[in-house]
Amino acid sequence: MDYPVIDIEGTGIHIRDLIRESGHTVTEVSEYLGTSTSLVYRYIRGEALPSIDRIVALSVYLGVSIDDIIAVE
């Protein structure tokens, strides 16, 4: 059975674009998430995925749905 797989790089692009469109900075996002800016940059570069808790927090902070954040292959 085939099932959807999260596209890490695509998700990073979504996060980058959503942060830009919101007018927030990476520093503001990292402070809201309670993490380092370097980890948020790792998300943006597609080197890591946020935990499900952080994806939910990002969706609330950026005012978008979870589906707008996660890219699926």
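Pairs engaging residues 38-59 under the salt bridge (Lys or Arg N to Asp or Glu O under 4.0 Å) rule: Arg42-Glu47, Arg45-Glu47 [sequence neighbours left out].
Interatomic distance, Asp68 CG to Leu62 CG, rounded to the nearest 0.5 Å: 10.0 Å. One distance of note links CG of Leu58 with OH of Tyr43; it measures 7.5 Å at 0.5 Å rounding. Distance check: Ile70 CD1 to Ile6 CD1 gives 5.0 Å after rounding to the nearest 0.5 Å. The CD1 atom of Ile44 sits 10.0 Å away from atom CG of Leu39, with the distance rounded to the nearest 0.5 Å.
The shortest heavy-atom contact between Ser65 and Ser59 is C-CB, 4.0 Å. A pairwise comparison of heavy atoms in Ser30 and Val40 identifies CB-CG2, 3.7 Å as the closest pair.
Side chain of Thr11 to backbone of Ala71: a donor-acceptor contact under 3.5 angstrom is found. At distances below 3.5 Å, not a single donor-acceptor pair connects side-chain atoms of Asp17 with backbone N or O atoms of His14.
With sequence neighbours excluded, the residues forming a side chain to side chain contact (heavy atoms under 4.5 Å, CB included) with Ser38 are Ser36, listed by chain and number.
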Between Asp7 and Val72, is a side chain to side chain contact (heavy atoms under 4.5 Å, CB included) present by the stated rule, with each step listed? CA-CA 5 Å; Asp7 176 356; Val72 182; over 6 Å; no

In a table with atom names and distances, give each donor-acceptor pair under 3.5 Å that connects a side chain of residues 19-26 to protein atoms at least two apart or in another chain.
from, atom 1, to, atom 2, distance (Å)
Ser22, OG, Leu18, O, 3.4
Ser22, OG, Ile19, O, 2.8
Ser22, OG, His24, N, 3.2
His24, ND1, Glu28, OE1, 3.3
His24, ND1, Tyr61, OH, 3.2
Thr25, OG1, Thr27, N, 3.4
Thr25, OG1, Glu28, N, 3.0

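Within 6.0 Å of OH on Tyr41 lie no more than 12 heavy atoms contributed by other residues, nucleotides or ligands.
No continuous path of hydrophobic side-chain contacts links Leu49 to Ile13 [ILVMFWY only; heavy atoms under 4.5 Å].
Residues Ile69 and Pro50 fail the side-chain proximity criterion, which asks for heavy atoms closer than 4.5 Å.
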